[in-house]
Amino acid sequence: MAMDLKPSSSLFYMAFGTLLRIGESLWEEKFVLYISFGWSEDDILSAFKKKPQIKELSKDKMRRMMDFFLKNPDWGYPSFLEKRIIPRWSVIRVLTSHGILNKYVNLYTICKLKEEKFLERYVIKYQEKVPQVLQAYYQGKTVFGD
């Protein structure tokens, strides 16, 4: 498994420590668990590279969190996911893939921004340099076909 973490990076030591603590068999079990949530191998490795502690969450806690998001319509999950998380994460992924954002962007941070501030900071600011941000934003809003 190649993760391309530089030994000089503090994340390298966090990732290494996490791997030592959880061991290979638990790593594999959690890998399968994340795949069962619909994550790709690249998604899992990318998340681990950015936040190695994600693999230290218990399988039960991960299941409870995913169940909450997927099965709790009272919280407004589909609407929140569709109208806020997916469009914003789509923009962040485009900016990251174009080398505009080189650091980890916290999902909580981008979701708590007011709509106007998010658009100003991540879409309008870069739409000329990376026109795909506008497309990513609006396609993210229509990902469910509404």
inquiry  = Tell me whether the count of non-hydrogen atoms from other residues, nucleotides or ligands lying under 6.0 Å of CD in Glu41 goes above 12.
reply    = no

ask   = Roughly how far, to the nearest 0.5 Å, is CD of Gln139 from CD of Gln132?
value = 10.5 Å

ask   = Looking at Lys112 and Arg88, what are the two nearest heavy atoms and their distance?
value = N-NH1, 4.5 Å

ask   = Got a sec, which residues hit ring pair (Phe, Tyr, Trp, His ring centres under 6.0 Å) with Phe118, two or more places apart in sequence or on another chain?
value = Tyr122

query = If you measure from CG on Leu113 to CZ on Arg121, what distance do you get to the nearest 0.5 Å?
reply = 5.0 Å

request  = Using side-chain contact (heavy atoms from CB on, under 4.5 Å) as the criterion, list what pairs up with Asp42, not counting sequence neighbours.
outcome  = Ser40

inquiry  = Once rounded to the nearest 0.5 Å, what's the spacing between atom CD1 of Ile92 and atom CD1 of Ile110?
reply    = 4.5 Å

inquiry  = To check you understand the geometry: which heavy-atom pair defines the closest contact between Val133 and Val123, and what is its length?
reply    = CG2-O, 3.6 Å

message = Which heavy atom of Val91 sits nearest to which heavy atom of Ala136, and what is that distance?
response = N-CB, 4.1 Å

inquiry  = What's the separation between atom CG in Leu119 and atom CD1 in Ile124, rounded to the nearest 0.5 Å?
reply    = 5.5 Å

